[in-house]
There are 2 protein chains.
Amino acid sequence: MSHTTDTLVLEEFLPFRLNRLSESISLKFAQHYKREYGMTRPEWRALAALGQHGELTSTQIGKFSTMHKTKVSRAVQALSKRGWLHRQRDDNDRRVEYVKLTPNGRKNYVKIVELAHAFEEELTASMDESAKATVQSALKLLEELEQPTAPSK
Amino acid sequence: MSHTTDTLVLEEFLPFRLNRLSESISLKFAQHYKREYGMTRPEWRALAALGQHGELTSTQIGKFSTMHKTKVSRAVQALSKRGWLHRQRDDNDRRVEYVKLTPNGRKNYVKIVELAHAFEEELTASMDESAKATVQSALKLLEELEQPTAPSK
DNA sequence: TCAATTAAGTTACAATTGTAACCATTGATT
DNA sequence: AATCAATGGTTACAATTGTAACTTAATTGA
């Protein structure tokens, strides 16, 4: 029927390309916060979610950072041990625990965020505005594939 | 100096977006070959490299599929055990081993490639041609960030 | 009110991965 | 030729992750 080839060119295959890009970029960024703070990726993500949204439950951290609850649990423990988080049980629903950054936690968050902004800027420094726009559009398009917009009304 | 914000919006951060996209898409595709062939991601990648390029050494498989040599080693072992690969020592350099698909290996490779093509088409079915072109350009731009083109001459 | 479900979060265990050490072999240096 | 360094590939061990079971608490509904 159609152009069914019996081979696949890996470098043209979308999942592979995305995976390769993501790995190499994430890894490069991870080196920064790993070297300077000994932080792991799940920890960075939990930190980022808390820094952006303020007080959150672990479940919410998982939602915002798309991590499984066990990863969240371990990341929260690790960040707590550093003294970067404050944890507080909900008195109405004692299963729930609210987590937020301590002053020290936020101080470090801010520093890492600076790192992040600098990293992103340096990474994309060689692209002109139109190239950047293309990347933004593409990301948006791809993200929409994931969650096909709910029919409005 | 510039627009240094003291928070980061995770959903706008390039490494995060790429990672999230890549994970969700790769995972979705992995379900196919995992369910139907019990194959892991490293195995699929090694298979893809061999299917595309023919006979390869493990080192070359690693190059083409961007995997570490231990991953390659284990993947090759697993595929061998299935009878999908044929391995042959180089007589000139007896450290090296050439790996290629057996007829049965190729038969299965072709089937999985069909899966892959179908998956990619279905995934991008909702995009029109111009959207697809945008995605292609963006991927190319991002990939160029990684390996800044060697100065010609 | 008191089982039976369900939810939030942790923990135990198995599978996967990464790092480093390791063989075996080849190539380079003397 | 004899040593030394480098290369292809595997293996051992440690760290990371994922899955499932578990704990505690809340909710449902008979």
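Chain A is the first sequence line, chain B the second, and so forth, proteins listed ahead of strands; every chain is numbered from 1. Computed from a predicted structure; not experimentally measured.
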* Taking NZ from A/K69 and P from D/dA20, how many angstroms apart are they, rounded to a whole number? -> 12 Å
* Do B/R95 side-chain and D/dT7 base share a donor-acceptor contact under 3.5 Å? -> yes
* To do: Provide the closest heavy-atom pair for B/T7 versus A/Y109 in the form atom of the first, atom of the second, distance.
  => CA-OH, 3.5 Å
* Asked: Base, sugar-phosphate, or nothing for A/T57, non-hydrogen atoms under 4.0 angstrom?
  -> sugar-phosphate
* Asked: Separation of A/R94 atom CZ from C/dT10 atom P, in whole Å?
  -> 14 Å
* **Short N-O contact, B/R17 and A/E143, less than 4.0 angstrom** => yes
* Asked: Once you round it to whole Å, what is the distance between P of C/dT17 and NZ of B/K71?
  -> 5 Å
* To do: Give B/N92 one of three labels, base, sugar-phosphate or nothing, depending on what nucleic acid heavy atoms sit under 4.0 Å from its own.
  => sugar-phosphate
* Asked: Which part of the nucleic acid, if any, lies within reach of A/S58 when heavy atoms closer than 4.0 Å are counted: base, sugar-phosphate only, or nothing?
  -> sugar-phosphate
* **B/Q88 CD to D/dG8 P, straight-line distance once rounded to whole Å** => 19 Å
* Asked: When the distance from CE of B/M67 to P of C/dT16 is rounded to whole Å, what number comes out?
  -> 15 Å
* Report which part of the nucleic acid B/R89 touches: base, sugar-phosphate, or nothing (heavy-atom distance under 4.0 Å, all strands). => nothing
* Asked: Between B/S73 and B/K69, is there a donor-acceptor pair closer than 3.5 Å when you use the side chain of the first and the backbone of the second?
  -> no
* Asked: Do B/R74 side-chain and C/dG18 base share a donor-acceptor contact under 3.5 Å?
  -> yes
* Structure fact -> On DNA chain D, more 5' by nearest nucleotide between A/R41 and A/D91 is A/R41
* Nearest-nucleotide comparison on DNA chain D, the residue closer to the 5′ end among A/H68 and A/D90 -> A/H68
* Asked: Below 4.0 angstrom, N of the basic side chain to O of the carboxylate: do A/R82 and A/E43 qualify?
  -> yes
